[in-house]
Amino acid sequence: MGIKGLTKLIADEAPEAIKEHKVEHYNGRTVAVDASMAIYQFLIAIRHGSGGAAASQLTNEAGEVTSHIQGLFNRTIRMLASGIKPVFVFDGKPPTLKGGELDKRREKREKAESELKKAQEEANVEEQDRQSKRLVRAGKKESADCKKLLELMGVPWLEAPCEAEAQCAALAKIGKVYAVATEDTDTLTFATPRLLRNMTSAGDNPIKEIDYKKMLEGLGLTHAQFIDLCILMGCDYTSNIRGIGPKSALTLIKKYGDIEHVLENISKGKYQVPPEWLPRIKVRKPSSLPPSAPPSVSPVEEGDKAMPGDENACKTAEVDSKAGMEGEKEEGIKAAAIVAREVAPDEPAKSVEGEVMEMPAYVMARALFVQPEIHDPAELNFKWVEPNEAGLEAFLIDSLGFNPDRVKSGIAKLKASRGAMQQKRLDSFFKPSGSSSTSSTTLKRKEAPAAAKGKGKAKFGGKKK
DNA sequence: ACGGTCC
DNA sequence: TCGTCTGTCACAAGACCGT
DNA sequence: TGTGACTGACGAG
């Protein structure tokens, strides 16, 4: 997940964008957390018995997995205890992936399943371990468990329409949250002003904060160029160009400005531009293509002696993509975003002239980054309320079999952190936050109850009754 | 700091 | 020649608590 | 699955 090698590139090229802070620095601040990713990591990490028997998740008596609940319970308490006010953001529908990508994932999954079965028959413990990890995923059930837990804890959450990262970024951009805590660098591509890493690992090792503005300055790019850089480096939505890594991608974008112009210039060289980066004509152009040309233009295949077809492919790419992005670039991106998430990937989109062609993959990817599907962050308001003690005990102890002492001590910490939170609010009433915090700590006062829009599935707080 | 345990 | 990319491999991905 | 260490290959200068 994320952008391949982006962390390292930032560390190398824009080190001033990365700062380390102690946890205390975030005292009183609101932070958005990608819940689905956290759940996934809990499911993978929290297991036992890799020695001897096959590793297994934590479960209750009925055999239901509880690893994710255990993890989330602890982490949330930890955050609150250090004065951080988390908002958990869940993934909605997965973004429309490039054709085949979805199939590939399903194939992988099926393969892992069958390998697991085989390993079980052979009593191959190691292999069982490996394959069962591969099968782990944050499903509906797990998400629902966690939402319930959060409500009982009095911690707000919301479900994004699509990708949680995009929603988190949107919240941070307008200051509804101070920063986004995630290990996924995609979030930067959505222009999160502040990205926090190392929120997870316990204790006192500092949190790394990446400042988006400083990162752009350090790299010497605009936001649009940064998105193109990420696509070139390799993102989740597209394959990347062989031979172009982080350094070259940065150099090329700086030199030529955007992907269109990069392609123009390197297509004269010997890079293999993957087929989906070029608009694939489904219905032959009347005149501009030779009659013998196949309906779908293929990329440079291995060492062919520079067939004229290749040149045509590149030419078409230049012309078409330029035409597509010319004039109302905004409109083009908007349209692409809609196409990207609503049209089946293999379904052709009509071009202006009525020809049927496929949009280049990078245009789709760009659109998904520029115009992701999100809830209007301005309409979302969050509230941290008193934990539901009885509810938590019933859920964790009675229903899931957690250790009563641990649960009780957790609840005690929750209450303590709430006390500190109230105190903080009183303090800040008299002394407006010292640093340059932009109103992010003072966001709740009135709590417009309106936010319950018909479709917006945001839920807040733990007052179910 | 480490290793066993959490369910 | 140097820098950069590719491939392969190993490994770890949480947090608590008592020692 | 992603990341770092270490590799050989290869293009740029």
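Summarising the base pairing, D:dT7 is matched to no nucleotide, lacking a Watson-Crick or G-U wobble pair whose two defining distances lie under 3.5 Å. Across all strands shown, C:dA15 pairs with B:dT5; the Watson-Crick or G-U wobble distances both stay below 3.5 Å.
Counting non-hydrogen atoms under 4.0 angstrom, A:T59 reaches a base of the nucleic acid. Within 4.0 Å (heavy atoms only), A:I46 reaches at least one base atom of the nucleic acid. Here A:G401 lies in heavy-atom contact (under 4.0 Å) with sugar-phosphate atoms only.
Checked against C:dC5, C:dA15, C:dA13, the side chain of A:P246 finds its nearest nucleotide in C:dC5. Each of C:dT6, C:dC17, B:dC7 was ranked by its minimum atom distance to the side chain of A:S409; first place goes to C:dC17. Closest to the side chain of A:A45, out of C:dC16, B:dC7, C:dA13, is C:dA13. Side-chain proximity of A:N60 to the nucleotides B:dC7, C:dA13, C:dA15 is greatest for B:dC7. With distances taken from any side-chain atom of A:F402 to the nucleotides D:dT1, B:dC7, C:dA13, the minimum falls on B:dC7. The side chain of A:F42 lies closest to C:dG14 when the candidates are C:dT4, D:dT1, C:dG14.
What separates CG of A:N403 from C1' of C:dG18 is a distance of 14 Å, to the nearest Å. What separates CD of A:E183 from C1' of C:dG14 is a distance of 12 Å, to the nearest Å. When rounded to the nearest whole Å, the span between NZ of A:K413 and P of C:dC16 equals 6 Å. At whole-Å resolution of the value, CG in A:L396 and C1' in C:dC16 are 15 Å apart. Between the P atom of C:dA15 and the CG atom of A:L43 lies a distance of 14 Å, rounded to the nearest Å. Summarising the geometry, the separation between NZ on A:K408 and P on C:dC17 is reported as 15 Å, rounded to the nearest angstrom. Between A:M233 atom CE and C:dT6 atom P the separation is 12 Å, expressed in whole Å. In this structure, A:L252 places its CG atom 11 Å from P of D:dA12, rounding to the nearest Å.
Checked for salt-bridge contact, A:D211 and A:R194 miss the test: no charged N lies under 4.0 Å from a carboxylate O. Look at A:K93 and A:E373 and you find no salt bridge, because none of the NZ, NE, NH1 or NH2 atoms lies under 4.0 Å from a carboxylate O.
Classification of the A:H25-A:H21 ring pair by plane angle, with boundaries at 30° and 60°, yields parallel.
Comparing C:dA15 with D:dT3, their C1' atoms sit 22 Å apart, to the nearest whole Å. Nucleotides C:dA10 and D:dT7 are separated by 14 Å at their C1' atoms, to the nearest Å. Spacing of P atoms, D:dG8 relative to C:dC9, comes out at 14 Å, to the nearest Å. Rounded to a whole angstrom, the distance from the P atom of B:dC2 to that of C:dA13 is 13 Å.
Of the two residues near DNA chain C, A:K247 and A:Q41, the one whose nearest nucleotide lies more 5' is A:K247.
Residue A:S248 has a polar side-chain atom (N or O) positioned under 4.0 Å from OP1 or OP2 of C:dC5. OP1 or OP2 of C:dG7 sits under 4.0 Å from a side-chain N or O of A:R242. Residue A:R406 has no polar side-chain atom (N or O) positioned under 4.0 Å from OP1 or OP2 of B:dC6.
A:Y212 and A:H223 share a side-chain donor-acceptor pair at under 3.5 Å.
Under the 4.5 Å side-chain criterion, counting only non-hydrogen atoms from C-beta, A:L9 is in contact with A:M233.
In the displayed structure, A:K415 atom NZ is contacted under 6.0 Å by at most 12 heavy atoms of other residues, nucleotides or ligands.
Between A:F369 and A:Y237, the ring center distance clears the sub-6.0 Å criterion.
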